[in-house]
Amino acid sequence: MTTHYDIVIAGAGPAGLHAAQAAAAGGARIAILDDNPSAGGQVWRQGPSHPVSAPLRALLDELRARDNVDWWPGARIVAALAPRRVLVESAARGSVWLDWSRLVIATGARERMLPFAGWTLPGVTGAGGLQALIKGGVPVRGERIVIAGSGPLLIAALATARDAGACVVAVVEQASAAAVMRFGAGLAATPSKLVQAASLTRGFAGTRYLTGSVVVEARGAGRVETATIRRADGTTITLDCERIACGYGLVPNLTLAHALGCALRDDAIAVDGAQRTSISDVFAAGESTGVGGMELAAVEGRIAGLVASGHAGEVDATLAKRRAHWRRFAARVDHAFALGDAARALPPPDTLMCRCEDVSVGDVSAHATWRDAKLHTRCGMGACQGRICGTAAATWFGWRPWDAATPRPPFSPTSIATLIAACDGDADAAPQALHEGSEPRS
């Protein structure tokens with residue numbers, strides 16, 4: 001089955017929802033797709049003990065009142081095999097081809113997980129992953145948790161874990177104390193962020209805040225029991241814990257944009273002042289254009305929605321000024337929490353780098369390029385398609401897996417029924433595109 005929309009929005013986080021809000025007012029027929037069962041993205045993720053927040057509720061109420069907006073929850077874009085057409089696997093609607101006149105990519109970002117010794121033990125997650133688990137209903141009350149990595153996401157994870165009754169024994173930040181202090185002082189330029197930071201940290205009451213430090217090993221019999229932390233002076237400390245949540249910031253989710261052929265800049269989707277990409281009638285907004293936080297995502301989404309719906313004249317100086325303000329804030333975050341040598345240091349050679357295919361750091365480091373490592377070790381060819389190990393390779397070796405080849409469909413594990421629908425829906429292009437490509441894959 002093929003369905004046509006004036007505007008398809010991929011992603012229902014702050015960028016996607018604000019794009020839909022702006023575009024819907026003009027009467028365009030809109031589809032909002034998201035692979036989660038509920039709208040909101042990571043920042044507004046809902047769950048059994050996390051009801052809809054007030055800003056999200058206001059957006060959803062407005063959009064649901066419009067008969068020109070269709071919701072596609074639990075929907076994944078599996079392939080983009082023809083101009084202005086994507087194949088979608090939906091929990092509620094099955095496998096459907098969507099045709100679009102304009103596309104807004106608001107696919108957000110992924111967490112950067114850098115493997116360390118013992119990271120595959122049960123109880124180790126990303127910092128954002130810990131938030132998702134808690135909001136999804138996983139109980140952590142009374143558990144001792146070490147939150148590690150870099151950037152503001154650690155503070156958000158701290159607040160989520162505390163609210164759920166966990167005991168956060170330490171927040172381990174790789175940035176130096178001086179860098180963190182300079183960033184904190186600079187928050188005076190964005191008072192809303194200063195208030196937010198004070199609210200989330202509560203002065204780190206009852207929690208050790210270790211700067212210039214990284215987690216280097218997790219140990220335990222069957223699951224995490226201790227975390228070993230290396231300090232800036234070379235000394236190590238070991239903390240007892242039941243969970244380690246480790247994330248070194250975020251990286252833009254480029255899969256769809258890359259598959260469509262959108263140009264990239266600084267490892268993000270390149271856009272102009274109207275949020276247009278290099279592909280005609282394809283727009284992008286939010287973290288996929290560069291990680292910058294909820295406020296920047298919202299204003300970029302609004303601009304993209306207005307232009308995509310033919311109302312570019314409503315993009316006034318106020319919107320442009322807000323975008324510039326939050327882009328400057330994002331640049332300050334990037335500078336303050338840039339990964340140092342300790343965070344970029346390779347773990348022991350026997351540390352698993354690709355968990356899907358059981359490939360070690362030593363196996364991968366023996367090769368000169370991502371393509372060679374992939375061909376000879378199967379690194380990046382498992383279920384996650386290199387989302388963890390590919391990002392680690394970019395951080396450690398300077399490789400850019402997204403430059404090695406265009407992503408091949410299907411973009412994620414997909415049912416046989418969807419692949420059959422792909423061939424039936426585009427009999428000329430789909431069978432060839434689903435079976436050919438410049439990279440081997442499992």
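All values derive from a computational prediction rather than experimental measurement.
Checking side-chain atoms of S365 against main-chain N and O of V361 turns up a donor-acceptor pair under 3.5 Å. Judged by distance alone, the side chain of E89 and the main-chain N or O of T414 form no donor-acceptor pair under 3.5 Å. Under the 3.5 Å distance criterion, the side-chain polar atoms of R323 are left unmatched by any main-chain donor or acceptor of I303. With hydrogens and angles disregarded, no donor-acceptor distance shorter than 3.5 Å links the side chain of T277 to the backbone of C262. Under a 3.5 Å cut-off, the side chain of D34 and the backbone N or O of N36 do form a donor-acceptor pair. The backbone N or O of V307 sits nowhere less than 3.5 Å from a side-chain atom of H311 that would complete a donor-acceptor pair. With hydrogens and angles disregarded, a donor-acceptor distance shorter than 3.5 Å links the side chain of R344 to the backbone of T395. With hydrogens and angles disregarded, a donor-acceptor distance shorter than 3.5 Å links the side chain of T107 to the backbone of N253. Checking side-chain atoms of Q275 against main-chain N and O of G301 turns up no donor-acceptor pair under 3.5 Å. Looking only at distances, no side-chain donor or acceptor of T351 sits under 3.5 Å from a matching main-chain atom of P347.
Under a cutoff of 6.0 Å and an axis angle of 45°, R64 and W71 form a cation-pi pair. Both tests do not hold together for R29 against W100: distance to the six-membered ring centre under 6.0 Å, angle to the ring axis within 45°.
The two residues P409 and V78 come nearest to each other via the heavy atoms CB-O, 3.8 Å. Taking both residues in full, the closest heavy atoms of I134 and A161 are given as CD1-CA, 3.7 Å, listed atom of the first, atom of the second, then distance. The nearest pair of heavy atoms linking A368 to W399 is O-NE1, 3.1 Å.
Listed by first then second residue, pairs satisfying salt bridge (charged side-chain N to carboxylate O under 4.0 Å, His left out) with a partner in residues 273-290 read R84-D281, D272-R276, not counting sequence neighbours. Among pairs with a residue in residues 326-357, those fulfilling ring pair (Phe, Tyr, Trp, His ring centres under 6.0 Å) read F183-F337, W326-F329, at least two apart in sequence or across chains.
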Q: Start with the C-alpha gap between D6 and R102, add the side-chain angles, then the distance that decides, and say whether salt bridge (Lys or Arg N to Asp or Glu O under 4.0 Å) holds.
A: CA-CA 6 Å; D6 297 320; R102 276 90 63 200; 5.3 Å; no

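Taking H4 as the reference, nothing meets the ring pair (Phe, Tyr, Trp, His ring centres under 6.0 Å) condition, with sequence neighbours excluded.
Of the charged side-chain nitrogens involved, none lies within less than 4.0 Å of a carboxylate oxygen, so that R387 and E111 do not count as a salt-bridged pair.
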